[in-house]
Amino acid sequence: MDSLTLLAGLLAYVAAGRLVMRQLSGGPREFVFALLNLAGVFFFLFYGGNEHFVLRFGTYVALIVGLYVCLLLFGGKRGHWPWLAFFAPLVALIVVRYVPASYYIALGHALGKSWRGVPQMVGISYLAFRCSRLVLEVRNGTVKRPNFVEYFNFAFFLPTMPVGPINTYANFRRGFTERYDVPVGRAALRILVGAVKYQFLGNLCNQLTYSGLLLDDHPHHWMDLPVAMLFYYLYLYLNFSGFCDMAIGAAALIGIPVPENFDNPFAARNVKDFWNRWHITLSTWMRDVVFSPLSKFFVGKFGIQWADHAIALAIVIVFLLVGTWHGVGWNFVAYGAAHALGVVANHYYTIFLKKKLGRERFKAYNENRWIRAVAVVLTFCYCGASLIFFANTFAQIRQIFSILQ
């Protein structure tokens with residue numbers, strides 16, 4: 001699909017979505033909006049990908065139907081039943097990510113098909129987290145259980161489907177229950193800024209990342225490594241935040257609120273603060289769904305006297321999950337472990353400072369501009385260096401260090 005066709009299609013989708021959200025209401029709006037998203041997802045994310053694009057698309061639709069049936073059967077029950085609906089999207093994610101390709105090839109042979117592996121599931125990580133969070137929203141009474149068309153609209157909303165942000169169902173429905181108006185010029189500018197970051201600046205930085213600079217089978221001076229680390233960090237931010245800018249801007253033009261996913265992460269003064277600014281919707285999901293209940297469980301299990309260590313254990317588990325959520329491979333586990341180490345270190349260092357300095361001196365410490373500047377620089381370097389595990393397998397890391405002189 002050429003760029004002109006893609007741009008024309010996106011403009012048509014946004015214009016049609018805005019028209020539907022403003023000119024229709026009730027059931028007709030839900031139904032037409034669902035058809036629009038169904039057509040948009042098929043055209044932009046599946047059509048023409050390979051010879052099995054219809055199968056991949058059908059698999060995705062079937063998954064949505066299955067997850068809704070789980071919500072319908074178990075989401076409104078008492079006791080432990082809602083957890084079946086909660087874990088169903090996560091089990092689907094695990095199956096797609098971790099079941100060996102040979103299993104799907106064997107299944108294809110049994111059915112007379114030439115499958116090469118698991119059907120590609122665009123945005124499956126984001127879908128799993130959105131739909132699992134919805135089960136908790138229904139169980140906790142935050143929202144009423146959606147009908148199938150409402151559920152489909154939430155799961156198949158095109159702007160946030162490929163790479164987020166991870167919206168909550170309650171926030172998504174604000175676009176249907178109230179008038180969500182963002183000035184057209186501001187939303188269009190957000191899309192333009194995102195496109196420049198994603199298409200232009202990100203691609204420029206990519207020329208000096210690990211793949212662009214180091215993995216060329218030539219020896220390199222050791223200084224090329226920190227250069228690659230810096231530019232990969234910049235590239236990832238520009239690429240990811242640029243796409244989120246476009247998604248938020250497009251959703252705003254249609255009339256759907258989408259939460260921010262970045263808040264100047266380069267200004268973070270520690271790794272904990274970094275995750276309050278980077279991929280905010282993932283951090284919020286992990287905090288609300290995993291960290292809060294897990295830390296309370298550990299504190300109850302080990303006793304209040306071990307609360308600090310119980311919280312540290314919960315932090316480690318959360319960031320190992322964050323690492324594995326991002327991809328398959330031990331390098332992603334190492335990425336999560338590196339950030340677990342950073343947050344745990346900050347956790348214990350904060351406890352130490354509070355005891356050592358006292359309340360007033362600790363406040364003065366945090367407000368000191370020079371200390372903050374040093375902390376920001378160290379955090380920037382640490383987070384940038386940790387991305388070597390995100391960007392490369394262990395084999396590639398060994399290759400990188402073997403060519404440094």
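This structure is a prediction, so every number in the text was calculated from the model and none was measured.
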Answer yes or no: is there a side-chain heavy-atom contact under 4.5 Å between His221 and Leu404? no

If we ignore angles and hydrogens, is there a donor and acceptor under 3.5 Å between the side chains of Tyr348 and His309? yes

Would you mind listing every salt bridge (Lys or Arg N to Asp or Glu O under 4.0 Å) that reaches into residues 363-384, with sequence neighbours excluded? none

Stepwise side-chain contact (heavy atoms from CB on, under 4.5 Å) test for Glu260 and Cys244: CA-CA 8 Å; Glu260 295 293 337; Cys244 289; over 6 Å; no

Does the plane of the ring in Phe129 sit parallel, tilted or perpendicular to the ring in Trp285? Use 30° and 60° as the thresholds. parallel

Got Met161 and Tyr60 here, is their nearest side-chain heavy-atom distance under 4.5 Å? yes

What pairs meet the ring pair (Phe, Tyr, Trp, His ring centres under 6.0 Å) rule with one or both residues in residues 165-196, with sequence neighbours excluded? Phe33-Phe176, Phe154-Tyr169, Phe154-Phe172, Phe157-Phe172, Phe172-Phe176

Distance col, row Tyr68:OH vs Tyr151:OH, nearest 0.5 angstrom, shows 9.5 Å

Which heavy-atom pair separates Arg130 from Ile166 by the least distance, and what is that distance? CG-CG2, 3.9 Å

Please name all residues satisfying ring pair (Phe, Tyr, Trp, His ring centres under 6.0 Å) with Phe319, sequence neighbours left out, ordered by chain then number. Trp275

Across all chains, not counting sequence neighbours, the salt bridge (charged side-chain N to carboxylate O under 4.0 Å, His left out) partners of Asp308 are none

Side-chain H-bond candidate by donor/acceptor type, Asn171 with Thr168, under 3.5 Å: no

Taking ring pair (Phe, Tyr, Trp, His ring centres under 6.0 Å) as the test, write out the residues that go with Phe262, two or more places apart. Tyr237, Phe240, Trp278

Are a donor atom and an acceptor atom from the side chains of Thr379 and Asn270 found within less than 3.5 Å of each other? no

Can you list everything that forms a side chain to side chain donor-acceptor pair (under 3.5 Å) with Asp245? Sequence neighbours excluded, please. Arg190, Lys197

Mark yes when over 12 heavy atoms from residues, nucleotides or ligands other than Phe86 sit less than 6.0 Å from its CZ; otherwise mark no. yes

Sorted by chain and number, sequence neighbours left out, side chain to side chain donor-acceptor pair (under 3.5 Å) with Ser283 holds for none

Aromatic plane relationship, Phe352 with Tyr349 - under 30° parallel, 30 to 60° tilted, over 60° perpendicular: parallel

Does the side chain to side chain donor-acceptor pair (under 3.5 Å) test come out yes or no for Asn167 and Thr160, once each step is laid out? CA-CA 8 Å; Asn167 208 354; Thr160 60; over 6 Å; no

For Phe291, enumerate each residue passing the ring pair (Phe, Tyr, Trp, His ring centres under 6.0 Å) test, keeping only those at least two apart in sequence or located in another chain. none

Take a 6.0 Å sphere around CZ of Phe31 and say whether it holds more than 12 heavy atoms from other residues, nucleotides or ligands. no

Over 12 foreign heavy atoms within 6.0 Å of CZ, Phe394: yes

Residues Leu357, Tyr365; criterion side-chain contact (heavy atoms from CB on, under 4.5 Å); working and verdict: CA-CA 9 Å; Leu357 301 178; Tyr365 173 90; 4.0 Å; yes

Heavy atoms, side chains only, cut-off 4.5 Å: are Phe57 and Leu45 in contact? no

Salt bridge (Lys or Arg N to Asp or Glu O under 4.0 Å) pairs touching residues 160-178, sequence neighbours excluded, are Glu30-Arg173, Glu150-Arg173, Arg174-Glu178

Are the ring centres of Phe389 and Tyr335 closer than 6.0 Å? no

Taking C-beta and beyond as the side chain, do Tyr235 and Asn206 meet within less than 4.5 Å on heavy atoms? yes

Restricting to ring pair (Phe, Tyr, Trp, His ring centres under 6.0 Å), what partner residues turn up for Phe302, sequence neighbours left out? Phe298

Are Ile124 and Leu63 close enough that some pair of their side-chain heavy atoms sits under 4.5 Å apart? yes

Side chain to side chain donor-acceptor pair (under 3.5 Å) partners for Asn331, two or more places apart: none

Arg179 meets the side chain to side chain donor-acceptor pair (under 3.5 Å) criterion, sequence neighbours left out, with Asp181

Does the side chain of Phe231 come within less than 4.5 Å of Gln207's, by heavy atoms? no

Considering residues, nucleotides and ligands other than Arg186, do more than 12 of their heavy atoms fall under 6.0 Å from its CZ? no

